[in-house]
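Structure record follows, encoded as structure tokens.
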Amino acid sequence: MKNIPVYNPAMVEGKWQRHWEENHSFAAEKSHEKPKFYPLIEFPYPSGAGLHVGHPRSNTAMDIIARKRRMEGYNVLFPIGYDAFGLPTENYAIKNHIHPAIVTEKNIARFRSQLKRLGFSFDYDREISTTDPKYYKWTQWIFLKLFEHGLAYKQEMPINWCTSCKVGLANEEVVNGVCERCGGEVVRKVKSQWMLRITDYAQKLIDGLDDVDFIDRVKVQQRNWIGRSEGAEVDFNLSSGDKLTVYTTRPDTLFGATYMVISPEHPMIDARRDMISNYAEIVAYREAAARKSDFERTEMNKDKTGVQIEGVHAINPVNGKPIPVWVSDYVLMSYGTGAIMAVPAHDTRDWEFAKKFGLKIVEVVAGGNVEEAAYTDIQDGVMVNSEFLNGMKVADAKRAIIDYLVEKGIGHKKINFKLRDWVFSRQRYWGEPIPLVKCPCCGWVALPESELPLKLPEVESYEPTDNGESPLAAMTDWVNTTCPKCGGPAQRETDTMPQWAGSSWYFLRYIDPWNDTCIADPEELKYWLPVDWYNGGMEHTTLHLLYSRFWHRFLYDIGVVPTKEPYQKRTSHGMILGSDGEKMSKSRGNVVNPDEIVDELGADAFRMYEMFMGAFDQAIPWSTDGARGCRRFLDRVWRMMEFMTEDTGISEDMKFDVNTCIKKVSEDFERMKFNTGIAAMMTLVNAFYAKGSITKGEMTVLIKLLNPVAPHITEEINEMCACCDGELMHAPWPVCDESALVKSTVEIAMQINGKVRGRMNVPADLTRDGAAEYFMALDEIKKLVGDKPVKKLVFVPGRLVNIVM
RNA sequence: GCCGGUGUGGCGGAAUGGCAGACGCACCGCACUCAAAAUGCGGCGGUUUAUCCGUGCCGGUUCAAGUCCGGCCACCGGCACCA
């Protein structure tokens with residue numbers, strides 16, 4: 001027994017963290033000789049509250065992969081930065097009269113020190129902040145490219161207006177009718193806004209998913225959000241002489257269209273006001289609908305309302321029958337054409353509306369009872385009451401009717417998306433200024449690249465205004481400028497960009513953060529892109545992840561980046577819940593502060609527990625006792641130095657266990673099954689304790705496998721015992737010796753009629769062919785079988801033998 | 001309503017169709033100790049203790065089902081009048 005000092009995580013971890021910092025140990029190599037690996041975590045928003053236990057879950061997982069890849073010989077770029085523009089900082093600044101830049105700097109310093117305390121192998125030399133003018137110069141540059149290519153446009157439109165933040169929100173930022181950030185009420189407000197034409201990229205964003213390795217639920221959620229549907233546009237003639245175009249996914253049911261509905265905002269209402277005898281009633285309905293907030297609209301979605309347009313009717317183009325036209329807010333102006341043909345027999349919403357207002361219901365697909373409910377199952381329906389479509393299956397009828405519509409010139413195939421353009425303006429201070437000026441002669445004009453970055457001016461007050469203007473609007477010195485095109489007087493745009501702007505391309509900047517002539521050197525981009533593995537939260541699937549794919553694809557289309565997609569692989573971690581199984585929140589009082597856990601148990605134990613607590617992609621409740629168990633394990637590993645021998649080999653009786661562990665850990669880390677990988681190492685350590693000794697060679701394998709999870713303690717053991725030459729992080733990852741996994745005999749289960757009756761040792765090389773003969777000759781089998789006839793004998797090599805009688 | 005996901009001991013969770021409960025937590029016992037903590041070793045699904053029962057419920061396929069198929073139930077997440 002050797003005398004080994006007690007394991008002291010604070011000392012060990014402090015020592016190695018200083019060492020790593022002084023030596024820039026995790027800086028990516030500038031040379032392009034080695035194969036590259038680019039893992040990425042979502043850069044944090046540096047809030048005043050500091051790190052919570054959720055951050056380290058994603059960070060530790062990718063840190064493990066990054067460290068393993070370095071040991072496997074890759075040049076690894078594992079960067080970190082801060083997504084620092086945004087409302088919480090601005091609100092804090094307003095409340096405490098401190099400049100948001102100062103708040104940001106303070107918060108970043110806190111985050112950085114917390115991250116360093118956890119021993120993540122980030123390349124801090126490449127650290128970025130979205131609020132740094134050297135960074136946002138290029139955010140503005142990308143915006144100007146979008147503007148130049150017609151993908152940014154300003155439009156008067158009803159936006160989601162948060163009454164509490166006094167700011168416009170993207171659709172994605174409105175959750176259950178309230179503001180995603182502050183929970184404030186969201187109302188519709190008409191404002192002139194900068195918009196990005198993400199809808200132009202809808203198809204590309206769907207198609208791109210085929211080429212990447214994202215977990216299914218991310219792909220599914222993005223596809224649903226983009227919401228592609230195939231259908232047809234059909235023209236209906238109106239008695240007023242003009243026509244009304246509808247979009248439908250069920251053109252096959254055209255004979256069942258017994259009325260039409262248009263959205264309250266449909267332009268036809270005002271265009272034909274002279275012919276509408278109840279125009280005043282319809283305007284009143286429209287105003288009532290406009291007053292409803294989004295929240296009310298969804299709450300009331302069961303109860304349909306509407307008004308029939310009097311004085312105008314439509315003609316069903318396939319049977320010539322006159323049908324009424326209604327106005328109802330269940331039809332949205334923002335999707336399709338803002339008008340629908342209603343087929344109450346086969347659409348639930350139309351059916352409800354028809355029942356309420358006593359409209360005709362005509363069955364055109366047989367199989368249901370359309371007086372009882374809409375029959376919407378289109379799988380194997382057969383057409384009825386549809387003249388030339390009668391007797392056809394739904395799918396055939398769809399094709400036939402579209403051919404007919406095209407032939408008659410009254411309709412055509414059409415693809416629609418649910419995705420809307422991205423509202424890109426914010427009436428706020430703490431964001432990237434939009435680098436455009438409005439000139440009375442030239443319209444909106446881009447700043448020349450030489451004037452970038454357009455820096456945020458210093459202002460007296462960051463308060464947003466009730467009239468919906470950005471605080472920048474009050475800075476007349478800054479606002480008033482000259483037009484870059486004609487030199488005449490002009491005014492700057494005073495809205496700023498949303499928080500999603502800076503995060504839409506940050507992974508590109510990490511590749512070459514020092515560059516001041518372009519977003520990143522094309523040679524560097526070629527080497528490092530795409531990001532090989534990106535782990536992040538599901539909550540960003542339809543926000544950041546979609547936005548950044550859009551920007552990246554645009555940059556590809558204009559030749560700035562070499563890959564269509566930014567991220568090759570996307571995984572997602574489950575949330576860490578409070579120990580009560582509820583979401584962690586201040587109000588519930590179940591928040592765990594990582595600093596306290598590190599103080600008590602050390603960063604290695606904390607990291608290990610975060611990975612061991614359960615399946616990585618699932619939500620798991622926190623247990624500090626569980627974390628103590630991981631600390632206990634590290635203590636056990638440490639104390640093995642007391643009975644370690646100087647033998648540098650693997651002892652014969654441990655070869656199987658050691659190689660099994662190498663295999664299990666190597667495979668499980670790649671599949672993000674960190675919990676079972678760690679369990680395998682615990683099993684191995686238990687085996688060394690049972691044996692009462694460990695060789696230096698065995699210890700070396702163990703600390704290599706454990707290093708990505710618990711980097712500090714393993715480096716220290718390596719140094720104390722001189723296991724490897726130099727630091728462990730540069731040592732090669734252990735390779736499993738498959739020959740050591742072969743055993744001469746294996747224990748298998750013995751079953752009678754599928755029930756386990758015992759176990760026995762058989763030669764490992766026993767094949768299925770020789771099995772019957774082998775088993776029937778055994779005394780123990782003879783005893784069990786007796787003289788009953790054996791119907792069948794099932795043998796699974798290495799597993800079991802099952803005798804069916 | 002639609003789309004995902006999840007249901008296994010007291011708890012977190014393991015299990016390519018092949019010995020259900022690996023590993024850990026909690027708990028119990030023993031050793032060490034004057035004692036406690038720490039540590040080490042052992043035990044730990046249930047019961048009527050045996051050819052027994054047991055992976056949310058009901059049925060099916062199979063020599064064999066937590067795993068596959070059909071039909072439900074519950075909980076969690078996302079979307080939600082998208083024609």
Side-chain angles (χ1 to χ4, degrees), chain A residues 6 175-176 215-221 223-225 227-229 231 246-250 253 261 263 297-298 300-304 328-332 334-343 346-350 352-353 376 416-420 538-539 541-542 574-575 577 579 581 583 608-609 612-615 617-630 632-633 635-636 639 664 673 675-683 685-686 689-690 692 747-759 784 791-805:
Chain A
V6 172
V175 176
N176 293 329
I215 51 171
D216 276 345
R217 57 200 169 119
V218 169
K219 286 192 183 184
V220 167
Q221 216 168 295
R223 284 200 188 101
N224 288 348
W225 185 261
R228 181 191 148 104
S229 72
V246 302
Y247 173 71
T248 177
T249 53
R250 296 295 307 277
T253 62
V261 187
S263 157
R297 273 199 171 197
T298 46
M300 321 249 291
N301 77 28
K302 291 271 142 41
D303 196 21
K304 301 252 182 312
S328 172
D329 64 0
Y330 86 88
V331 173
L332 309 173
S334 50
Y335 185 77
T337 62
I340 63 155
M341 63 176 213
V343 185
H346 306 290
D347 181 280
T348 311
R349 297 151 301 178
D350 297 345
E352 283 168 9
F353 193 82
T376 55
N416 260 332
F417 299 95
K418 288 186 198 172
L419 187 69
R420 311 290 163 76
M538 281 306 287
E539 70 275 17
T541 304
T542 53
M575 218 189 316
L577 308 172
S579 49
K583 205 167 166 172
M608 187 169 175
Y609 177 63
F612 181 65
M613 59 197 302
D617 57 357
Q618 240 126 72
I620 308 283
W622 177 267
S623 154
T624 302
D625 273 331
R628 290 191 184 105
C630 287
R632 210 169 292 158
F633 169 76
D635 276 314
R636 272 162 78 79
R639 280 197 310 271
K664 184 83 180 141
K673 304 201 86 180
N675 53 337
T676 50
I678 290 168
M681 291 189 271
M682 290 174 167
T683 305
V685 168
N686 290 345
Y689 269 84
E747 192 186 63
I748 64 166
M750 187 164 40
Q751 297 183 343
I752 304 289
N753 291 335
K755 305 219 169 191
V756 180
R757 291 285 171 258
R759 281 135 239 258
L784 278 162
K791 257 205 264 180
K792 191 172 173 184
L793 187 141
V794 181
F795 174 63
V796 183
R799 293 271 182 196
L800 54 77
V801 57
N802 184 17
I803 295 160
V804 187
M805 298 189 296

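By convention in this document, chain letters (A, B, ...) are assigned in the order of the sequence lines, proteins followed by strands, and residues within each chain are numbered from 1. All values below come from the heavy atoms of this structure, side chains included, with hydrogens, waters and symmetry mates left out.
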For [N], the Watson-Crick or wobble counterpart (both distances under 3.5 Å):
N: A80(B); answer: none
N: G18(B); answer: C63(B)
N: C11(B); answer: G24(B)
N: C52(B); answer: G46(B)
N: G40(B); answer: C30(B)

Considering only the [atom1] atoms, how many Å lie between [N] and [M], rounded to the nearest integer?
N: G7(B); M: G13(B); atom1: C1'; value: 13 Å
N: A65(B); M: C19(B); atom1: C1'; value: 14 Å
N: C52(B); M: G66(B); atom1: P; value: 16 Å
N: G45(B); M: G10(B); atom1: P; value: 10 Å
N: A15(B); M: A64(B); atom1: C1'; value: 15 Å
N: U49(B); M: C58(B); atom1: P; value: 26 Å
N: U6(B); M: U16(B); atom1: P; value: 14 Å
N: U55(B); M: C23(B); atom1: P; value: 22 Å

Would you mind reading off the distance between [X] atom [atom1] and [N] atom [atom2], rounded to a whole angstrom?
X: Ile215(A); N: G77(B); atom1: CD1; atom2: P; result: 17 Å
X: Gln618(A); N: U8(B); atom1: CD; atom2: P; result: 11 Å
X: Asp617(A); N: G77(B); atom1: CG; atom2: P; result: 16 Å
X: Met613(A); N: G24(B); atom1: CE; atom2: C1'; result: 12 Å
X: Arg628(A); N: C27(B); atom1: CZ; atom2: P; result: 11 Å
X: Trp622(A); N: G13(B); atom1: CH2; atom2: P; result: 14 Å
X: Gln751(A); N: U51(B); atom1: CD; atom2: C1'; result: 14 Å
X: Phe633(A); N: G24(B); atom1: CZ; atom2: P; result: 9 Å

How would you label the contact of [X] with the nucleic acid (heavy atoms, under 4.0 Å): base, sugar-phosphate, or nothing?
X: Val220(A); answer: sugar-phosphate
X: Asp635(A); answer: nothing
X: Ala615(A); answer: sugar-phosphate
X: Gly336(A); answer: nothing
X: Ser229(A); answer: sugar-phosphate

Nearest to the [X] side chain among [options], which nucleotide is it?
X: Ile620(A); options: G12(B), C23(B), A26(B); result: G12(B)
X: Glu747(A); options: U39(B), C23(B), C19(B); result: C19(B)
X: Thr249(A); options: A83(B), G18(B), U39(B); result: A83(B)
X: Ala679(A); options: A22(B), G18(B), C63(B); result: A22(B)
X: Ala749(A); options: G24(B), C19(B), C81(B); result: C19(B)
X: Thr248(A); options: G24(B), A83(B), C63(B); result: A83(B)
X: Leu332(A); options: C63(B), G24(B), A83(B); result: A83(B)
X: Phe612(A); options: G12(B), C79(B), A83(B); result: G12(B)
X: Leu800(A); options: G78(B), G18(B), A83(B); result: G18(B)

Pair Asp625(A), Arg628(A) - check salt bridge (charged side-chain N to carboxylate O under 4.0 Å, His left out), show working. CA-CA 5 Å; Asp625(A) 273 331; Arg628(A) 290 191 184 105; 2.9 Å; yes
How many angstroms lie between CE in Met682(A) and OG1 in Thr676(A), if you round to the nearest 0.5 Å?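 The CE atom of Met682(A) sits 11.5 Å away from the OG1 atom of Thr676(A).
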As an exercise, state the distance from CE of Met341(A) to OG1 of Thr248(A), rounded to the nearest 0.5 Å.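 So the gap between those two atoms works out to 4.0 Å.
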Would you check, one step at a time, whether the test side chain to side chain contact (heavy atoms under 4.5 Å, CB included) holds for Arg639(A) with Tyr689(A)? CA-CA 10 Å; Arg639(A) 280 197 310 271; Tyr689(A) 269 84; 3.7 Å; yes
Could you pick out which residue, Thr676(A) or Tyr689(A), lies toward the 5' side of RNA chain B when each is mapped onto its nearest nucleotide? Thr676(A)
Reading RNA chain B from 5' onward, which residue's closest nucleotide shows up sooner: Arg217(A) or Asp347(A)? Arg217(A)
Using the glycosidic torsion, which applies to G21(B): syn (within 90° of 0) or anti (everything else)?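 That one's anti.
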Based on the glycosidic angle (syn within 90° of 0, else anti), state the conformation of A50(B).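 Syn conformation for A50(B).
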Report yes if at least one side-chain N or O of [X] is closer than 4.0 Å to OP1 or OP2 of [N]; otherwise report no.
X: Arg636(A); N: G40(B); result: yes
X: Asn675(A); N: A22(B); result: no
X: Arg639(A); N: G40(B); result: yes
X: Lys673(A); N: A15(B); result: yes
X: Arg632(A); N: C25(B); result: yes

What's the verdict on side chain to side chain contact (heavy atoms under 4.5 Å, CB included) for Lys664(A) and Thr683(A), showing C-alpha distance, side-chain angles and the deciding distance? CA-CA 11 Å; Lys664(A) 184 83 180 141; Thr683(A) 305; over 6 Å; no
Does Thr624(A) offer a backbone N or O that forms a donor-acceptor pair with the side chain of Tyr609(A) under 3.5 Å?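 Such a contact is absent between Tyr609(A) side chain and Thr624(A) backbone.
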Side chain Asp350(A), main chain Val343(A), donor-acceptor under 3.5 Å: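 Side chain of Asp350(A) to backbone of Val343(A), a donor-acceptor pair under 3.5 Å: yes, one is there.
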Between the base of C79(B) and the side chain of Lys418(A), is there a donor and acceptor pair under 3.5 angstrom? no
Between the base of C63(B) and the side chain of Asn802(A), is there a donor-acceptor distance below 3.5 Å?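 Looking at the base of C63(B), it does pair with a donor or acceptor on the side chain of Asn802(A) (distance under 3.5 Å).
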Over-ring placement of Lys304(A) relative to Tyr330(A), 6.0 Å and 45° cut-offs: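 The answer is yes, since Lys304(A) meets both limits relative to Tyr330(A).
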All heavy atoms of Phe633(A) vs all of Met608(A), minimum pair found to be CD2-CE, 3.1 Å
